[in-house]
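Order of the sequence lines fixes the chain letters, A, B, ..., with proteins taken first and strands second; residue numbering starts at 1 for each chain.
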Number of protein chains: 2
Amino acid sequence: MTNRRFTSLENPTGEQTYKIIEEGLRKRAMILIFSCCRVCYYGRARSRLGPGERLIIIKPDGSFLIHQDRKVEPVNWQPPGSKVRVKIEDDGKILVESIRRKPAEKLTVEIERAHTISYYLARDIHELEVAGHEEDMRQLILESPDIIEKGFKPITREYQTSNGFIDILGKDENGSLMVLELKSRRAGISAVRQLKRYLEDFKDDKHGVRGVLVAPSITHDARELLEAEGLEFKSLEPPQELKKDHRMTLDKFISSR
Amino acid sequence: MTNRRFTSLENPTGEQTYKIIEEGLRKRAMILIFSCCRVCYYGRARSRLGPGERLIIIKPDGSFLIHQDRKVEPVNWQPPGSKVRVKIEDDGKILVESIRRKPAEKLTVEIERAHTISYYLARDIHELEVAGHEEDMRQLILESPDIIEKGFKPITREYQTSNGFIDILGKDENGSLMVLELKSRRAGISAVRQLKRYLEDFKDDKHGVRGVLVAPSITHDARELLEAEGLEFKSLEPPQELKKDHRMTLDKFISSR
DNA sequence: GATTGCATATCGTTG
DNA sequence: CAACGATGTGCAATC
């Protein structure tokens with residue numbers, strides 16, 4: 001069946017498969033192929049996948065995905081911007097190649113037999129709205145510093161040390177420096193090490209510096225290391241409020257200056 | 001069209017969409033729906049996606065993917081093991097829910113109108129064979145230590161320090177300790193910091209300890225920090241040879257003991 | 001264009 | 001089951 005928005009065909013011949021892929025690429029459509037195929041990849045690594053039935057997705061932006069019937073991650077893929085070519089062999093087999101220039105990577109799919117092939121022109125203007133990132137925590141703390149503790153005053157965000165950027169640098173009510181390390185999910189031992197490294201730049205500070213790990217929760221080993229190092233933990237859930245209106249955010253920003 | 005391996009339908013009614021999703025779930029098939037839909041997610045974070053045409057994939061292992069017509073990553077998803085339920089509303093709209101228990105996460109898709117719906121029973125026994133990982137580098141170095149430098153002798157792999165595991169610990173021909181940090185791709189500043197941390201445990205060693213970053217290449221800033229810290233860089237590409245025969249590897253292992 | 005660091009990261013391995 | 005580290009991580013923001 002064919003109309004302007006999509007085309008699909010079941011049990012296509014090799015010729016038909018070739019033609020529909022060509023057409024889909026020309027129209028910059030999203031192409032779906034369910035087929036028995038083999039896959040080779042060469043680039044940052046190298047891989048090979050023996051014959052089996054998988055879903056192939058080619059997107060108009062050059063993204064290329066091969067999905068087996070398990071896992072969230074594609075078994076092979078190419079990123080946006082990759083260039084696709086399709087060839088038909090004498091025996092009717094279809095070869096689809098996707099090439100990326102930098103870094104040089106090549107994905108080759110040999111389609112033995114397609115079960116269904118289709119392409120779609122997707123109308124989709126909306127972007128995903130997300131909340132609950134580390135950045136949302138940061139904004140919350142800058143707007144309401146008392147969440148960390150009474151009298152906490154942020155000085156800067158993204159303060160650079162020789163060991164990377166500190167998320168929030170501030171002072172407590174006694175004027176002691178506080179280094180905050182934010183994590184939007186359960187903090188592990190590596191988060192504590194990160195905080196420990198930031199503090200190295202301040203080890204000569206006379207007033208003493210407090211290191212605080214801010215996260216919804218912390219692993220057992222991480223807490224042990226934290227306490228052994230004289231660091232602190234502050235439990236804080238990342239705010240998950242989706243912004244309904246962008247002007248509100250702007251007003252808030254202006255009024256808070 | 002219907003047979004044992006797959007079913008597909010174009011411009012299905014709400015009832016038909018519901019029925020095919022039900023059937024696909026029951027048969028533990030891979031379900032594909034191209035439709036206009038809205039998506040909500042709540043769990044580790046929260047997100048909302050307004051109406052638009054996307055590809056929905058439900059895999060028999062519970063993996064759930066929603067793909068827009070751009071990017072490699074799905075715009076929303078649920079991991080393997082999630083449980084799917086489908087409902088039909090009075091107005092013919094379809095609600096698909098995927099729930100994960102731990103952590104608690106819920107994905108809700110409201111299908112306004114499906115353009116095509118299909119399901120497939122995929123025959124696929126092959127696993128992906130990959131080469132070019134950090135582990136391949138490690139094996140290469142343990143088998144042929146001279147690749148690092150003449151006279152290098154590995155002592156242990158995965159040596160534990162207070163700052164994490166060292167990839168390979170060894171000695172040079174003069175008996176000085178060498179700490180190797182392996183990276184399968186271009187090493188950045190964080191790799192140098194990691195190596196720096198490992199060496200802290202050895203800073204009292206009388207003979208002096210050498211820290212060596214082993215990677216195919218290194219960023220400019222990373223090289224600067226490396227040299228400032230008196231560390232070394234050894235260029236090594238991860239071996240990309242796909243193993244043809246597992247016995248060969250075993251033989252090699254036995255003969256090298 | 002190169003580099004850095006977050007992510008609903010996902011996924012395998014280990015304790 | 002929890003936790004830790006690698007990944008062809010992908011991706012956006014920043015330089």
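- In this structure, the CD atom of E158(A) is 11 Å from the C1' atom of dT4(C), given to the nearest Å.
- With DNA chain C read from its 5' end, the first of the two nearest nucleotides for K102(A) and R46(B) is the one closest to K102(A).
- Closest to the side chain of E134(B), out of dT7(D), dA9(C), dC11(D), is dT7(D).
- Rounded to whole angstrom, the span from the CD atom of Q160(A) across to the P atom of dT3(C) amounts to 16 Å.
- Backbone-only engagement by S184(B) is indicated by non-hydrogen atom pairs under 4.0 Å involving sugar-phosphate atoms exclusively.
- Contact annotation: R44(A) does not reach the phosphate of dA6(D) (side-chain N/O to OP1 or OP2, under 4.0 Å).
- R138(B) has its CZ atom 14 Å from the C1' atom of dT7(D), to the nearest Å.
- Using a 4.0 Å heavy-atom criterion, one finds that G43(B) contacts no nucleic acid atom at all.
- For the residue pair R186(A) / S217(A), a side-chain donor-acceptor distance below 3.5 Å is found, with atom types taken as modelled.
- Distance from the side chain of R185(A) is smallest to dA9(C) among dC6(C), dA2(D), dA9(C).
- Side-chain proximity of P80(B) to dC11(C), dG5(D), dT9(D): nearest is dC11(C).
- With hydrogens and angles disregarded, a donor-acceptor distance shorter than 3.5 Å links the side chain of D201(A) to the backbone of S162(A).
- Along DNA chain D, the nucleotide nearest to R70(B) and the one nearest to Q194(B) differ in position, and the one closer to the 5' end is contacted by Q194(B).
- Looking at heavy-atom distances under 4.0 Å, Y41(A) makes contact with a base.
- Minimum heavy-atom separation, L128(B) to S47(A): CD1-OG, 3.7 Å.
- In this entry the distance linking OH of Y159(A) with P of dG5(C) reads 16 Å, nearest Å.
- Between the CD1 atom of I168(B) and the P atom of dG5(D) there is a distance of 17 Å, given to the nearest Å.
- Residue order along DNA chain D, read from the 5' end via each residue's closest nucleotide, puts D221(A) first among L107(A) and D221(A).
- Distance from the side chain of W77(B) is smallest for dT10(C) among the nucleotides dT4(C), dG5(C), dT10(C).
- Rounded to whole Å, atom C1' of dG10(D) lies 16 Å from atom CG of N76(B).
- A straight line from CZ of R101(B) to P of dC1(D) spans 13 Å, rounded to a whole angstrom.
- Nearer the 5' end of DNA chain C, as judged by each residue's closest nucleotide, is the contact made by A222(B), out of L128(A) and A222(B).
- Checking dT9(D), dC11(D), dT4(C) against every side-chain atom of E73(B), the shortest atom distance belongs to dC11(D).
- With distances taken from any side-chain atom of K71(A) to the nucleotides dA3(D), dC11(C), dA2(C), the minimum falls on dC11(C).
- The aromatic rings of H67(A) and H67(B) stand perpendicular to each other, their planes meeting at an angle above 60°, with 30° marking the opposite boundary.
- Here the P atom of nucleotide dT3(C) and the NZ atom of K183(B) are 16 Å apart, to the nearest Å.
- Of all nucleotides listed (dA2(C), dT4(C), dC4(D)), dT4(C) comes nearest to the side chain of I189(B).
- Of the candidates K71(B), R70(B), R48(B), R70(B) is the only one forming a salt bridge (Lys or Arg N to Asp or Glu O under 4.0 Å) with E127(A).
- Side-chain contact check for D61(B) and S63(B): at least one donor-acceptor pair (N or O, by modelled atom type) lies under 3.5 Å.
- The shortest distance between the side-chain N/O atoms of T219(B) and the OP1/OP2 oxygens of dT4(C) is below 4.0 Å.
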